[in-house]
Number of protein chains: 2
Amino acid sequence: MGTQLLNEQTCYERLRNWIIDGTLQPNERLIELELAARLGTGRATIRTVLARLEQEGLVVREPNRGARVRFVSHEEALEILEARTAIESLLARFAAMRARPEDIAQMRDLLAQMRACIEQGDLVSYSALNTALHRVIAEAARHRTAARLLETLGSQSVRYQYRTILAPGRPATSLTEHNAVVEAIAAHDPDAAEQAMRAHLSGVCETLRRLRQGH
Amino acid sequence: MGTQLLNEQTCYERLRNWIIDGTLQPNERLIELELAARLGTGRATIRTVLARLEQEGLVVREPNRGARVRFVSHEEALEILEARTAIESLLARFAAMRARPEDIAQMRDLLAQMRACIEQGDLVSYSALNTALHRVIAEAARHRTAARLLETLGSQSVRYQYRTILAPGRPATSLTEHNAVVEAIAAHDPDAAEQAMRAHLSGVCETLRRLRQGH
DNA sequence: GTCTACAAGATTGTTGACAATCTTCCCACA
DNA sequence: TGTGGGAAGATTGTCAACAATCTTGTAGAC
């Protein structure tokens, strides 16, 4: 495992990934000495990394009581999704204004792959492609500020991402919604793109709300 | 000056304020030893504080080359304002759904004070009240996720906040727009509140754009 | 006169040790 | 049996010293 010498940035990325992929679970204590040993670095480095992750919303620190992985409740996951809706709508609008032909080609390519996944019932790949499509749209918008906000939001809610697509009838609907977003962007229609993205994420939001009720 | 013993949180707040109020200017180098002396603490503390401020977008750090106050260009200020528009519209929507009578009373009170400032031509106080009103709306929305995003955005663009209100005819327009937002919230009409907030911030955005052209 | 090589100074990166604080566990005592 | 006190261990907070790196200034070669 990671017993090599690592600088701060590398430690940050690794620790961040461990939190996002669930290697470190919500509410798990993050003991500086232990992490330092695991990452092959000193406590000082771990300390600054934990501070960064706290600012990013992935970690909670309490004075003299150390850090733990922040637990994101269902309620909060909903809030995050609502905020994402606001940001991604903005990004869709700008993507419609600024997307280049190659951006649009990439989106359509991803859409085609997503369609294939649905037909084969491969929802895991679909989920990955979904994330990729949203990222391509964000990049096409060329709006670094909004993109940065979205990235921090995204990392916090990964834990809840896989659930919604499993809802009955959701895959087909999801595909239709994505299609509408991409076509609006391709038509360089900002209003339509913003509206389509808002509709799409409202759909996700509603599904999440319903799943929560069911449980 | 600050030669008292300070813990990390206090150092963070002080340094943050120094950046926001311009005591530390954009692009100014932040030398760890110097700050440690000024704040009466050790370099380790300063180091984690700088890491947090970087994550917050107020500071830029380069490996082996230290930290400096992040310079926000006009272009970026516009981006920040656009992102703010997205978030604050969301907050206005939720405020319309969740505001209590005392929240609304507070908003109206602030509005009255703002009106008085306009009549007396006191634009400095107006600016402060403006900020206060936006904060009250954000709190009334009871949406911590969006509120947190807004706070980080706000701290980055303070430098450009005073300019827009100085544009000819802007004060009166601004007051009318704020009035519309508050009345929509008071009427518990989410759509109208969101729309009014969006219109208001688009106005600010447009003014900023025009000011930039003029220069 | 301009450019490269190198030394000196300044600053960041890292480590280890120590102090302060919290947590846990055990024991005396009611 | 239950409870408060306190000691031991674990963990965080802080500091000073050292190593690594970058920057600046100077001297020499062409």
Side-chain angles (χ1 to χ4, degrees), chain A residues 1-19 22-72, chain B residues 1-19 22-72:
Chain A
M1 216 208 287
T3 318
Q4 276 194 318
L5 289 167
L6 298 178
N7 60 5
E8 184 195 311
Q9 187 58 29
T10 318
C11 285
Y12 166 74
E13 283 161 12
R14 283 221 188 166
L15 200 45
R16 190 172 184 275
N17 283 334
W18 284 350
I19 293 172
T23 304
L24 296 168
Q25 299 233 334
N27 274 332
E28 185 171 345
R29 278 194 72 184
L30 300 172
I31 290 154
E32 297 176 358
L33 213 59
E34 183 191 317
L35 292 175
R38 268 220 257 182
L39 288 164
T41 184
R43 265 183 61 212
T45 309
I46 297 295
R47 202 149 233 282
T48 70
V49 167
L50 288 176
R52 289 175 66 181
L53 290 169
E54 178 182 41
Q55 212 69 25
E56 200 176 345
L58 291 175
V59 155
V60 181
R61 288 189 309 157
E62 288 173 291
N64 289 314
R65 305 196 53 192
R68 39 182 77 243
V69 179
R70 189 160 86 96
F71 172 78
V72 175
Chain B
M1 217 208 287
T3 318
Q4 276 194 319
L5 289 167
L6 299 178
N7 59 4
E8 184 194 311
Q9 188 58 29
T10 318
C11 285
Y12 166 72
E13 284 161 11
R14 283 222 188 166
L15 201 43
R16 189 171 185 276
N17 283 335
W18 285 351
I19 293 174
T23 304
L24 296 168
Q25 299 234 333
N27 274 330
E28 185 171 346
R29 278 193 73 183
L30 301 172
I31 292 154
E32 297 175 359
L33 213 58
E34 184 190 314
L35 292 175
R38 267 221 257 183
L39 288 164
T41 184
R43 268 183 59 213
T45 308
I46 297 295
R47 203 147 230 283
T48 69
V49 167
L50 289 176
R52 288 174 67 182
L53 290 170
E54 178 183 40
Q55 212 69 26
E56 201 176 343
L58 291 175
V59 155
V60 181
R61 288 189 308 156
E62 290 173 291
N64 288 314
R65 305 196 54 193
R68 39 182 78 241
V69 179
R70 189 160 85 96
F71 172 78
V72 175

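Atom set for the values below is all heavy atoms of this structure, side chains included, hydrogens, waters and symmetry mates excluded. If you're wondering where the values come from, they're calculated on a predicted model, not measured in any experiment.
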### Message
Would you say Thr48(A) places a side-chain N or O within less than 4.0 Å of OP1 or OP2 belonging to dT14(C)?
### Response
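No, no such contact exists.
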### Message
Measuring to OP1 and OP2 of dT23(C), would you say a side-chain N or O of Arg65(A) lies under 4.0 angstrom away?
### Response
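Yes, such a contact exists.
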### Message
Among residues 23-36 of chain A, which ones have heavy-atom contacts with DNA chain C below 4.0 Å?
### Response
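DNA chain C contact set from residues 23-36 of chain A: none.
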#### Entry: For Gln55(A), side-chain hydrogen bond (donor to acceptor under 3.5 Å, both in side chains) partners two or more places apart
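Only Tyr12(B), Arg52(B), Glu56(B) meet the side-chain hydrogen bond (donor to acceptor under 3.5 Å, both in side chains) criterion with Gln55(A).
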#### Entry: Over all atoms of both residues, closest heavy-atom pair of Val59(A) and Leu50(A)
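Where Val59(A) meets Leu50(A) most closely, the heavy atoms are CG1-O, 4.2 Å.
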### Query
Which heavy atom of Leu24(A) sits nearest a heavy atom of Val69(A), and at what distance?
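Shortest heavy-atom separation between Leu24(A) and Val69(A) comes out as CB-CG2, 4.0 Å.
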### Query
What are the residues of residues 56-64 of chain B, sorted by number, that bring a heavy atom to within less than 4.0 Å of DNA chain D?
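Contacts with DNA chain D under 4.0 Å: Asn64(B).
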Grab the [atom1]-[atom2] distance between [X] and [N] for me, whole Å please.
X	N	atom1	atom2	result
Leu50(A)	dT12(D)	CG	P	9 Å
Arg68(A)	dC22(C)	CZ	P	15 Å
Asn7(B)	dT12(D)	CG	P	17 Å
Gln9(B)	dT12(D)	CD	C1'	16 Å

Please table the atom pairs, donor to acceptor, closer than 3.5 Å between any side-chain atom in residues 26-34 of chain B and protein atoms at least two apart or in another chain.
from	atom 1	to	atom 2	distance (Å)
Glu28(B)	OE1	Gln25(B)	N	2.8
Glu32(B)	OE1	Arg43(B)	NE	3.0
Glu32(B)	OE1	Arg43(B)	NH2	3.1
Glu32(B)	OE2	Arg47(B)	NE	3.3

Nearest 0.5 Å, please: how far is [atom2] in [Y] from [atom1] in [X]?
X	Y	atom1	atom2	value
Glu8(B)	Thr48(B)	CD	OG1	3.5 Å
Ile46(B)	Leu15(B)	CD1	CG	6.5 Å
Arg14(B)	Leu35(B)	CZ	CG	12.5 Å

### Task
Could you list the residues that satisfy salt bridge (Lys or Arg N to Asp or Glu O under 4.0 Å) with Arg68(A), not counting sequence neighbours?
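Once residues adjacent in sequence are excluded, Arg68(A) has no partner under the salt bridge (Lys or Arg N to Asp or Glu O under 4.0 Å) criterion.
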### Message
Which is more 5' along DNA chain D, the nucleotide nearest Ala44(A) or the one nearest Gly66(A)? Just name the residue.
### Response
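Upstream on the strand: Gly66(A).
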### Query
In terms of side-chain heavy atoms of Arg43(A), which of dT12(D), dT15(C), dA17(D) is nearest?
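Shortest atom-to-atom distance from the side chain points to dT12(D).
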### Message
Going by side-chain contact (heavy atoms from CB on, under 4.5 Å), name the residues that satisfy it together with Val60(B), two or more places apart in sequence or in a different chain.
### Response
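Per chain and number, Val60(B) pairs via side-chain contact (heavy atoms from CB on, under 4.5 Å) with Arg70(B).
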